[in-house]
There are 2 protein chains.
Amino acid sequence: MPKSTEDPGHGICNVRADFSVVEYARLATIRREPGSRQNQAKMQKAQETDLAVEAVPKRTTIRDVARTAGVGIGTISRVLNSSSQVSRETRARVLEAIRRLGFRPNAQARRILRRRSEIVCFLLSNRDFLHPFHARILQGVESYASGLKQHVLFAVLHYSPRTAPEKIDLPSVLQEHGLIDGVILAGTIYPNLLQRIESVHMPFVAFSNNVVGMDGAQQFDQVGFDDFAGTLQATRYLISQGHSRIDFAGDITLPWIQRRFEGYRRAMRENRLKPVLVTVRNAESFVDFGQKSGQRILALESRPTAVVAGNDETAYGLWLSLRRQGIKVPDEISLIGFDDREEAVLMDPPLSTVRVHKEAIGQTCMKMLLERLHHPQMAFSQRILPTEFVVRGTVRQL
Amino acid sequence: MPKSTEDPGHGICNVRADFSVVEYARLATIRREPGSRQNQAKMQKAQETDLAVEAVPKRTTIRDVARTAGVGIGTISRVLNSSSQVSRETRARVLEAIRRLGFRPNAQARRILRRRSEIVCFLLSNRDFLHPFHARILQGVESYASGLKQHVLFAVLHYSPRTAPEKIDLPSVLQEHGLIDGVILAGTIYPNLLQRIESVHMPFVAFSNNVVGMDGAQQFDQVGFDDFAGTLQATRYLISQGHSRIDFAGDITLPWIQRRFEGYRRAMRENRLKPVLVTVRNAESFVDFGQKSGQRILALESRPTAVVAGNDETAYGLWLSLRRQGIKVPDEISLIGFDDREEAVLMDPPLSTVRVHKEAIGQTCMKMLLERLHHPQMAFSQRILPTEFVVRGTVRQL
DNA sequence: TTAGGGTGTGGAACTAGTTCCATTGTTTTG
DNA sequence: CAAAACAATGGAACTAGTTCCACACCCTAA
């Protein structure tokens with residue numbers, strides 16, 4: 001067997017000095033020296049392609065740093081992890097070696113040992129695209145994560161509410177082991193998705209407002225905001241401004257709009273006012289729903305003086321149809337939205353609405369997920385963030 | 001030294017059978033048996049906390065699978081990577097063992113060896129938040145990536161155009177080794193950022209339309225769309241509809257708006273029409289810019305019959321101020337935007353605008369980055385995607 | 001003078017995969 | 001019928017870090 005390069009016997013194997021020399025020699029013929037295989041391959045390739053041998057640069061590792069600094073590999077690791085057990089001059093020598101070699105530790109290798117990737121997945125269903133609302137949640141997740149040296153992987157899920165749970169094709173990150181530590185679920189969540197996610201036993205936190213059709217049997221970590229309190233407060237404001245004939249326009253087949261309707265209803269009831277729900281079928285979108293609701297309202301024999309909309313888009317649709325019929329907002333009809341989208345402030349007049357702190361939702365999701373990762377046995381919890389009523393220009397005092 | 005558990009000497013070390021027995025015994029006192037260290041720690045912890053020893057489950061590895069299937073570890077790896085060099089019955093046996101143990105390969109470990117993480121970073125500056133435009137680009141990146149089993153990490157960069165390049169604090173993903181393979185840069189890009197990114201020697205592709213203040217000296221991979229051709233086509237359309245007095249309203253201090261202005265000017269020139277630029281100072285936003293431009297236009301002694309806006313937001317601002325002054329769009333003034341934001345179609349009347357294929361930009365960025373990763377020495381390239389003029393309701397035929 | 005405590009350091013074993021050399025058994029070829 | 005070619009398989013060495021045991025060394029106390 002031809003030994004290819006120079007004898008590596010001095011020093012590299014000095015640990016084996018307590019073996020008999022014969023045994024060492026035997027070892028030497030059995031074990032390939034570190035890197036020898038690669039080097040042989042390189043030599044061969046180099047000859048084929050007529051390239052210089054050093055054309056394949058070997059990445060600097062802590063072993064290189066250790067050799068350069070004249071210390072052991074453990075010491076390098078201790079310096080990197082700022083453990084105190086290193087003398088000042090050794091640390092200086094190591095840092096100098098690191099600087100000179102331009103060494104950067106490989107994050108991947110560290111992660112195997114730590115059994116944590118420090119990456120969480122922000123998972124959004126394709127039904128929601130990257131709706132500005134969810135984009136803001138993602139921002140919140142990222143901002144909280146980056147402060148704690150965690151990373152956020154963005155993934156999209158393709159499914160329909162009617163797909164059988166076991167047939168939902170989760171993105172490969174969720175199926176792999178070790179790439180991500182946990183998942184933050186945003187977008188509209190149907191029970192089949194929840195079931196599927198639970199089947200892979202990956203820690204997750206869900207944005208709960210858009211959860212549909214839950215029977216309360218399943219338990220999981222969730223973060224949301226208070227739909228009910230939002231419209232309750234908004235409607236009370238309208239009443240305080242002298243309104244008494246107030247309608248609600250929204251698609252209450254959606255659970256979160258339903259909760260908003262309940263908040264509105266509570267405010268009406270507590271003031272002994274009659275709640276009126278305006279709804280339409282076959283709307284193509286929230287804006288369309290608003291437009292059609294507007295037409296309905298205009299057709300009523302007694303018109304309301306104010307309308308609470310299920311969300312900002314519905315409010316915009318209402319505004320469009322009212323304006324087309326020459327009804328001025330807020331002079332003739334006052335209007336309140338929900339969500340506080342970026343565009344609300346750009347409407348003319350700017351829309352009074354219920355503000356939802358989207359970044360805070362993202363941050364809380366991330367916080368909760370990290371808690372879950374640190375305490376896997378912890379009981380599931382649900383956090384409800386408060387909303388805020390923003391007075392702008394679409395409400396008139398009577 | 002007390003040996004804690006059962007003698008592991010049978011079989012685990014059978015490779016060492018060619019050592020003398022004495023040497024083997026010596027080895028046995030030196031080397032800790034696989035897992036023994038951990039097990040000792042477990043035992044101790046278990047005694048402290050009064051938990052059963054098996055409370056800490058060891059993750060299933062290919063070695064477990066190999067033992068269960070009665071084959072070597074190499075065979076498992078070959079089956080996992082669907083290499084053809086495995087007989088049919090062995091493969092079946094291995095797959096059965098994988099199924100029975102519920103084994104999932106650890107992605108992290110594989111990545112070290114492959115020297116590819118299969119993760120790319122979508123990097124956005126905090127100046128742009130997650131603007132819907134960039135959110136759509138991110139979607140494009142994700143859709144292309146997921147088709148090729150690549151993952152997308154979302155990161156935000158905090159910097160200002162005036163930060164010294166070396167002082168820009170890149171997110172930790174870019175500073176680490178091995179976590180990401182490359183970067184897609186979106187959002188407004190100033191030269192200092194470009195310089196900083198180049199200093200970490202990480203492959204990257206930039207969305208080029210929002211690059212500011214480049215002198216052309218730096219070379220890098222870029223993907224963008226054709227600002228010039230977009231307004232050229234839009235302006236030609238206006239001319240074909242009989243307009244001759246057409247103004248351009250936009251903040252041409254921004255290079256991409258400048259290019260759009262050039263396109264408009266070309267169209268005007270080729271028809272021997274006089275280009276007119278309407279611009280304002282100290283606008284707070286694009287919408288504000290549009291509103292103020294609208295006021296300017298209304299104050300002119302001879303009003304244009306059509307206005308090309310620098311983007312959809314500016315067009316919206318124009319529309320707002322015109323409407324407030326009782327000027328009807330398109331009856332009295334026609335209007336054209338740029339970008340085709342989601343909201344353009346919701347305006348009343350819906351905005352005629354230049355559509356930019358945002359997902360296609362993201363997809364092309366991802367495609368180009370992968371090409372770069374596979375061919376690091378490849379010459380830098382720049383790809384310009386076409387735009388599309390969308391006729392809606394804001395242009396009137398004269 | 002020896003035992004004991006503390007700090008600093010080296011390095012084998014570890015993680016969980018992939019790679020490739022060596023070996024065995026089988027088939028084809030000279 | 002031997003030699004060569006080939007397919008299937010086992011497993012050590014490999015990747016690039018972390019962990020922790022062992023040991024050297026110094027200082028202090030009995």
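Excluded from the calculations below are hydrogen atoms, water molecules and symmetry mates; all remaining heavy atoms, backbone and side chain alike, are included. A, B, ... follow the sequence lines: proteins, then strands. Residue 1 opens every chain.
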Would you name the heavy atoms of Thr68(B) and Arg100(B) that are closest together and state the gap between them?
CG2-NH2, 3.4 Å
Between [N] atom [atom2] and [X] atom [atom1], what is the distance in whole Å?
X: Asn81(A); N: dT9(C); atom1: CG; atom2: C1'; result: 16 Å
X: Arg88(A); N: dT9(C); atom1: CZ; atom2: P; result: 13 Å
X: Arg114(A); N: dA16(C); atom1: CZ; atom2: C1'; result: 17 Å
X: Glu176(A); N: dG17(C); atom1: CD; atom2: P; result: 11 Å
X: Leu80(A); N: dT18(D); atom1: CG; atom2: P; result: 6 Å
X: Arg116(A); N: dG17(D); atom1: CZ; atom2: C1'; result: 18 Å
X: Asp64(B); N: dA16(C); atom1: CG; atom2: C1'; result: 10 Å
X: Ile76(A); N: dT19(D); atom1: CD1; atom2: P; result: 15 Å

Neighbours of DNA chain C within residues 98-112 of chain B, by heavy-atom distance under 4.0 Å:
Phe103(B), Arg104(B), Pro105(B), Asn106(B), Ala109(B), Arg110(B)
Where the side chain of Arg115(B) is defined as all heavy atoms beyond and including C-beta, which of dT15(D), dT18(D), dG17(C) is the nearest nucleotide?
dT15(D)
From the candidates dG17(C), dT9(C), dG17(D), the one with an atom nearest any side-chain atom of Ile62(A) is dG17(D)
Closer than 3.5 angstrom, by distance alone: can the side chain of [X] be matched with the main-chain N or O of [Y] as a donor-acceptor pair?
X: Thr60(B); Y: Phe103(B); answer: no
X: Thr75(B); Y: Val71(B); answer: no
X: Arg372(B); Y: Met378(B); answer: yes
X: Glu142(B); Y: Val156(A); answer: yes

Does a side-chain N or O from Ser77(A) land closer than 4.0 Å to OP1 or OP2 of dT18(D), or not?
yes
Whether Ser87(B) contacts dT9(D) is assessed here as follows: a side-chain N or O lying under 4.0 Å from the phosphate OP1 or OP2. Is that the case?
yes
Please determine whether any donor N or O and acceptor N or O are separated by less than 3.5 Å between the side chain of Arg78(B) and the base of dG10(D).
yes
Using a heavy-atom distance cut-off of less than 4.0 Å, which residues of residues 66-75 of chain B contact DNA chain D?
Gly70(B), Val71(B), Gly72(B), Ile73(B), Gly74(B), Thr75(B)
Mind running side chain to side chain contact (heavy atoms under 4.5 Å, CB included) on Val94(A) and Arg78(A) for me, showing each step along the way?
CA-CA 10 Å; Val94(A) 170; Arg78(A) 277 184 285 263; over 6 Å; no
For Ser143(B) and Gln363(B), which I'm curious about, is there any donor-acceptor pair between the side chains at under 3.5 Å?
yes
Check step by step if side chain to side chain contact (heavy atoms under 4.5 Å, CB included) holds for His158(B) and Asp169(B).
CA-CA 7 Å; His158(B) 300 265; Asp169(B) 187 32; over 6 Å; no
If we check side chain to side chain contact (heavy atoms under 4.5 Å, CB included) with His151(A), which of these qualifies: Cys121(B), Pro171(B), Ser172(B)?
Ser172(B)
